[in-house]
Amino acid sequence: MLKFVGRVVAGFALFFVSFVAVGGLMSAAGHPVPRGRMVDIGEGRQLRLVCEGPAQGVAGDRPLVWLEAGAFGFAADWGATQQALSAAGWRSCAYDRAGMGFSPPGPAPRDGLAIVSDFEKLVAASGEKGPFILVGHSMAGLRLREYAGRNPKQVAGLVLVDAATADASETEAFKPFIKAFTSASRWAARGASLGLFKPLANTRLGDKIGLPPAAQAEKRWAFANGRHNRTAAAEVALWPQSAQQAVAEPAYDPAWPVAVVTAGPVKGRERRKAMQALPAERSQHGYVDHVEAASHTRLLGESFAGHIVKAVEFVGGARKGG
């Protein structure tokens, strides 16, 4: 028991030292000082927004890139991608959904309609001008389909990063995964709420992506945060309803450039990869990149973010050429 307590204390000490080493100042609320700014979206509500890269106009005629995180994700997940996009001359914005990361909770239920409605308000309040390149990871594939269907004039193109598609989510083959993921998400929410994840925050479990220091500090904090995990579990539990809401919207316009970037080997996953690639294949300007050395999470990290930048550049180039 003493050895265990010693390891926990040592873990917390290492966590604190790592924050100091990277300049990760802590707020009075006990979390890293958030990057970005809080944006008022109306009705007394705010969402955290992180925009990086050259201001619009300075970046020429390049569209702004909006980044939507997947399940349990928030703006921090895109830290490495935003860093890479900025280096390549692209402006990008990522945000925390209501109740996730540093954004206050929003009204229930947190289904696709609620999330996309919040995103529409954030886009309008951000001051950023469209049309946009929309980039979504994992479960965010549902959000992109719904937003694009509701706001076609705001779409310059799309990048699906190892993303679930609304059509695939409606199939019988996909339902066992949703059921299992929902159950696992509930357990994760319970564990975080009981404080069980705090000793693990500074291990590889706290950052499975491979993020730069500031974003990594945020990700490690959220990994152990009860409210963040409970909100994420609630979102996952509503996956079937969110998929239904997404497929009720029109399919992607074939004129929109669509890039698909997937993680992991193709062999043994041929059916899954084909379903993921379908939106690009249906586009008049499609692009598919299977990053076999990447995992679902590390695809967003410093080691592989360049693949996402290439996909964004393809979409931007195809739009300009078209």
Side-chain angles (χ1 to χ4, degrees), residues 25-52 55-56 64-79 82 91-132 134-136 139-140 142-151 153-154 185 189 192-193 214-215 217-219 221-239 241-242 245-246 248-249:
L25 299 176
M26 303 295 284
S27 73
H31 54 62
V33 175
R35 297 168 300 130
R37 61 190 176 99
M38 301 302 294
V39 175
D40 189 341
I41 63 168
E43 300 178 348
R45 298 180 55 216
Q46 293 185 318
L47 296 177
R48 195 268 287 242
L49 177 66
V50 180
C51 293
E52 298 183 0
Q56 287 185 300
L64 175 82
V65 180
W66 274 104
L67 303 160
E68 177 71 65
F72 286 82
F74 63 123
D77 290 41
W78 295 109
Q82 287 196 279
R91 180 167 178 79
S92 66
C93 291
Y95 78 106
D96 300 351
R97 295 186 296 275
M100 301 288 288
F102 303 102
S103 289
R110 301 312 301 165
D111 58 6
L113 180 58
I115 290 169
V116 172
S117 295
D118 279 358
F119 180 57
E120 290 170 338
K121 295 172 186 175
L122 177 64
V123 170
S126 70
E128 305 289 347
K129 305 301 181 183
F132 310 109
L134 306 174
V135 181
M139 190 179 178
L142 306 183
R143 320 304 183 201
L144 265 57
R145 168 71 178 269
E146 189 163 1
Y147 179 83
R150 288 163 58 102
N151 303 275
K153 292 182 179 180
Q154 292 281 55
S185 298
S193 297
E218 296 175 355
K219 185 66 174 176
W221 168 78
F223 166 78
N225 181 266
R227 189 201 70 182
H228 174 92
N229 282 273
R230 289 192 299 273
T231 302
E235 289 184 354
V236 172
L238 292 171
W239 189 317
Q241 293 93 320
S242 295
Q245 292 166 349
E249 297 296 337

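At least one donor-acceptor pair under 3.5 Å links the side chain of N229 to the backbone N or O of A222. Side-chain atoms of R35 do not come within 3.5 Å of backbone N or O of C51 as any donor-acceptor pair. Within the 3.5 Å criterion, the main-chain N or O of G112 finds a donor-acceptor partner in the side chain of S242. Put simply, the side chain of R145 gets close to the backbone of E249: a donor and an acceptor are under 3.5 Å apart. R97 places a side-chain N or O within 3.5 Å of a backbone atom of A69 that can act as its donor or acceptor partner. Although no hydrogens or angles enter the test, the distance criterion places a donor-acceptor pair under 3.5 Å between the side chain of S126 and the main chain of V123. A donor-acceptor contact shorter than 3.5 Å is absent between the side chain of D96 and the backbone of R48.
Contact annotation: the side chain of E235 never approaches that of S185 to less than 4.5 Å [non-hydrogen atoms, C-beta and beyond].
Expressed to the nearest 0.5 Å, how far CD of E52 lies from CD of Q82 amounts to 4.5 Å. The distance from the CG atom of L134 to the CG atom of N151 is 9.0 Å, given to the nearest 0.5 Å. The line from CD of E146 to CG of L113 is 5.5 Å long, rounded to the nearest 0.5 Å.
Residue P105 forms a side-chain contact (heavy atoms from CB on, under 4.5 Å) with just one option from M100, R227, R230, and that option is R227. The only option from V39, V50, L49 that meets the side-chain contact (heavy atoms from CB on, under 4.5 Å) definition with Y95 turns out to be L49.
Of the charged side-chain nitrogens involved, at least one lies within less than 4.0 Å of a carboxylate oxygen, so that D118 and R110 count as a salt-bridged pair.
Considering every non-hydrogen atom in both A98 and G106, the closest pair reads CB-N, 3.5 Å.
Between H228 and F74, the ring-plane angle classifies as perpendicular under the 30° and 60° cut-offs.
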